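Okay, structure first, notes after.
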Amino acid sequence: MTAPAAITRYRSVFISDTHLGTRGCRADFLADFLRRNAAEHIFLVGDIIDGWRLRRGWYWDRHHDEVLALILRHARNGAAITYVPGNHDEIVRRYLPLGLEMAGIRFAAEAEHVTAAGKRLLVIHGDQFDSVVRYAKILALLGDWAYTAALVLNRYFNIARARFGYPYWSLSAYLKRRVKEAVKAIDRFETALAADAAQRGFDGVVCGHIHHAEMRMVGEVLYVNDGDWVESCTALVEHWDGRLELIDWAARNRLSFLAPRKAGAERDALDAAPA
């Protein structure tokens with residue numbers, strides 16, 4: 001068995017939109033990230049377990065088990081883990097008034113994080129600022145179905161591209177960038193979140209929800225979306241000096257979205273690797 005990779009330690013890590021329980025979730029990539037990185041503070045910024053999809057049909061493989069085991073291991077080893085539920089795991093929200101805490105993981109509707117540089121960040125999933133999710137849930141469910149269909153279509157399309165030697169290409173990411181109304185919706189979402197954070201006296205906001213990794217200034221507020229673990233496989237990390245960085249784990253490690261998902265050595269590596 002090969003030795004586990006060296007652990008990179010950060011002050012904070014922010015992850016969202018893993019959508020565990022769906023076939024589109026890259027739990028194998030996420031488990032790799034969690035094995036090779038650790039932090040004092042870990043924020044799970046919503047849509048971690050996809051309750052919407054699990055109500056319609058059960059999907060759970062060994063990589064999903066690894067992700068949960070690694071998160072719990074980080075908690076046992078002293079990481080302060082905060083789980084901020086989103087709309088796909090909204091069932092957790094009904095228990096938040098009880099001060100829910102489980103296996104060392106604290107659950108909260110939102111959180112505040114102060115960086116090593118003294119910047120106050122609001123940590124929130126962000127669906128509260130999505131008018132479709134708030135006021136037309138049936139449209140949100142239809143949109144979720146359409147997104148799933150696009151992922152399936154995208155996989156077969158990329159299999160054909162690979163046969164001709166072309167690299168992986170994301171249909172949904174392309175549509176988000178190119179479709180005018182989608183671009184407008186993303187901009188409205190970012191602006192609304194930044195405005196709310198500014199009104200409440202925060203220096204920045206960290207969110208998820210729209211599966212669009214981004215870090216930029218919106219007026220006087222730093223807006224950060226940590227992306228997802230379905231297509232982009234990104235996370236936000238805080239270095240020890242307070243510097244924030246978006247990490248594209250798949251691109252950094254040249255992970256293939258089309259390669260068969262590994263099975264075998266990861267379970268042994270899980271037991272060998274410290275968190």
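The structure presented is a predicted model; accordingly, all values stated were derived computationally and were not measured. In what follows, residues are counted from 1 in the order of the sequence shown.
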Dump the intermediate steps for side-chain contact (heavy atoms from CB on, under 4.5 Å) on Ile247 and Asn37, then the final yes or no.
CA-CA 12 Å; Ile247 293 178; Asn37 297 278; 5.5 Å; no
Determine the minimum heavy-atom distance between His19 and Thr22, stating which atoms define it.
O-OG1, 2.8 Å
Is the backbone N or O of Val218 less than 3.5 Å from a side-chain atom of Thr191, with the two atoms forming a donor-acceptor pair by type?
no
In one Ile/Leu/Val/Met/Phe/Trp/Tyr side-chain cluster, 4.5 Å: Ile71, Leu54:
yes
Taking only residues two or more places apart in sequence, or in another chain, which ones meet Arg120 in a salt bridge (charged side-chain N to carboxylate O under 4.0 Å, His left out)?
Glu112
Should Leu244 and Leu121 count as side-chain neighbours, where that means a heavy-atom distance under 4.5 Å?
yes
Considering only heavy atoms from C-beta outward, does the side chain of Asp196 approach that of Leu122 to under 4.5 Å?
yes
Which atom names give the shortest non-hydrogen contact between Tyr10 and Glu238, and what distance separates them?
CB-O, 3.5 Å
Can you measure from CZ (Arg23) to SG (Cys25) and round to the nearest 0.5 angstrom?
12.5 Å
Test side-chain hydrogen bond (donor to acceptor under 3.5 Å, both in side chains) on His209 and Ser16 and set out the steps.
CA-CA 8 Å; His209 186 56; Ser16 76; over 6 Å; no
So, do Phe107 and Glu101 sit near enough that their side-chain heavy atoms are less than 4.5 Å apart?
no
With clusters defined by side-chain heavy atoms of hydrophobic residues (ILVMFWY) lying less than 4.5 Å apart, directly or transitively, does Leu100 cluster with Leu72?
yes
Indicate yes or no: at least one non-hydrogen side-chain atom of Leu70 is less than 4.5 angstrom from one of Leu68.
no
Where do Thr18 and Val230 come nearest, in terms of heavy atoms and distance?
O-CG2, 4.3 Å
Using the ring pair (Phe, Tyr, Trp, His ring centres under 6.0 Å) rule, take Phe129 and Phe189 through it: C-alpha gap first, then chi angles, then the decisive distance, then the call.
CA-CA 6 Å; Phe129 297 86; Phe189 177 83; 7.2 Å; no
Could you check whether Trp52 and Asp89, counting side-chain N and O atoms only, form a donor-acceptor pair closer than 3.5 Å?
no
Determine whether the aromatic ring centres of Phe43 and Phe14 lie less than 6.0 Å apart.
yes
Ignoring hydrogens and geometry beyond distance, is a side-chain donor-acceptor pair present between His41 and Thr82 at under 3.5 Å?
no
Short N-O contact, Asp127 and Arg93, less than 4.0 angstrom
yes
Closest non-hydrogen contact found for Val221 with Ala198 is CG2-CB, 3.4 Å
Starting from the C-alpha separation in whole Å, work towards a yes-or-no answer on side-chain contact (heavy atoms from CB on, under 4.5 Å) for Leu222 and Met215.
CA-CA 7 Å; Leu222 176 66; Met215 181 160 56; 3.8 Å; yes
Euclidean distance, Cys207 SG relative to Gln128 CD, rounded to 0.5 Å:
10.0 Å
Do you know which two heavy atoms are closest between Ile7 and Arg35, and how far apart they sit?
CD1-O, 2.8 Å
Set out, in order, the CA-CA distance, both residues' side-chain angles and the distance that settles side-chain contact (heavy atoms from CB on, under 4.5 Å) for His113 and Thr115, then state yes or no.
CA-CA 6 Å; His113 176 66; Thr115 71; 4.2 Å; yes
Flag yes if Val114 and Leu236 sit in one hydrophobic cluster, no otherwise; membership is Ile, Leu, Val, Met, Phe, Trp, Tyr, and two members link when side-chain heavy atoms are under 4.5 Å apart.
no
When rounded to the nearest 0.5 angstrom, what is the spacing between OG in Ser12 and CD1 in Ile42?
9.5 Å
I'd like to check the salt bridge (charged side-chain N to carboxylate O under 4.0 Å, His left out) partners of Arg252; sequence neighbours left out, ordered by chain and number.
Glu245
Does a side-chain N-to-carboxylate-O contact under 4.0 Å join Arg216 and Glu190?
yes
Quick check: Trp249 with Phe33 (ring centres under 6.0 Å apart)?
yes
Check the pair Asp226, Val45 against side-chain contact (heavy atoms from CB on, under 4.5 Å), reporting the backbone distance first and the verdict last.
CA-CA 9 Å; Asp226 57 23; Val45 196; 3.6 Å; yes
Give, for atom CG of Leu96 and atom CD of Glu110, the distance between the pair rounded to the nearest 0.5 Å.
10.5 Å
Decide if the gap between the ring center of His63 and the ring center of Phe29 is smaller than 6.0 angstrom.
no
Can you confirm if the NZ or CZ of Arg200 lies within 45° of the ring axis of Phe202 and under 6.0 Å from the centre of its six-membered ring?
no
Could you pull out the closest heavy-atom pair between Ala103 and Ala75, with the gap in Å?
O-CB, 3.6 Å
Between Val224, Val205, Asn225, which is the residue that forms a side chain to side chain contact (heavy atoms under 4.5 Å, CB included) with Leu193?
Val205
Treating Ile, Leu, Val, Met, Phe, Trp and Tyr as nodes and any side-chain heavy-atom pair under 4.5 angstrom as an edge, say whether Val237 and Leu30 lie in one connected cluster.
yes
Are the side chains of Met102 and Tyr95 in touch, meaning some heavy atoms are under 4.5 Å apart?
no
Report the residue from Trp229, Tyr59, Trp58 that forms a ring pair (Phe, Tyr, Trp, His ring centres under 6.0 Å) with His64.
Tyr59
To the nearest 0.5 angstrom, please state how far the CG atom of Asp47 sits from the NE2 atom of His125.
3.5 Å
Transitive ILVMFWY side-chain link Ile81 to Val84, under 4.5 Å:
no
To the nearest 0.5 Å, atom CZ of Arg26 lies from atom CG of Asp32 at 11.0 Å
Would you say that Asp61 contacts Asp28 through its side chain, given a criterion of any heavy-atom pair below 4.5 Å between the two side chains?
no
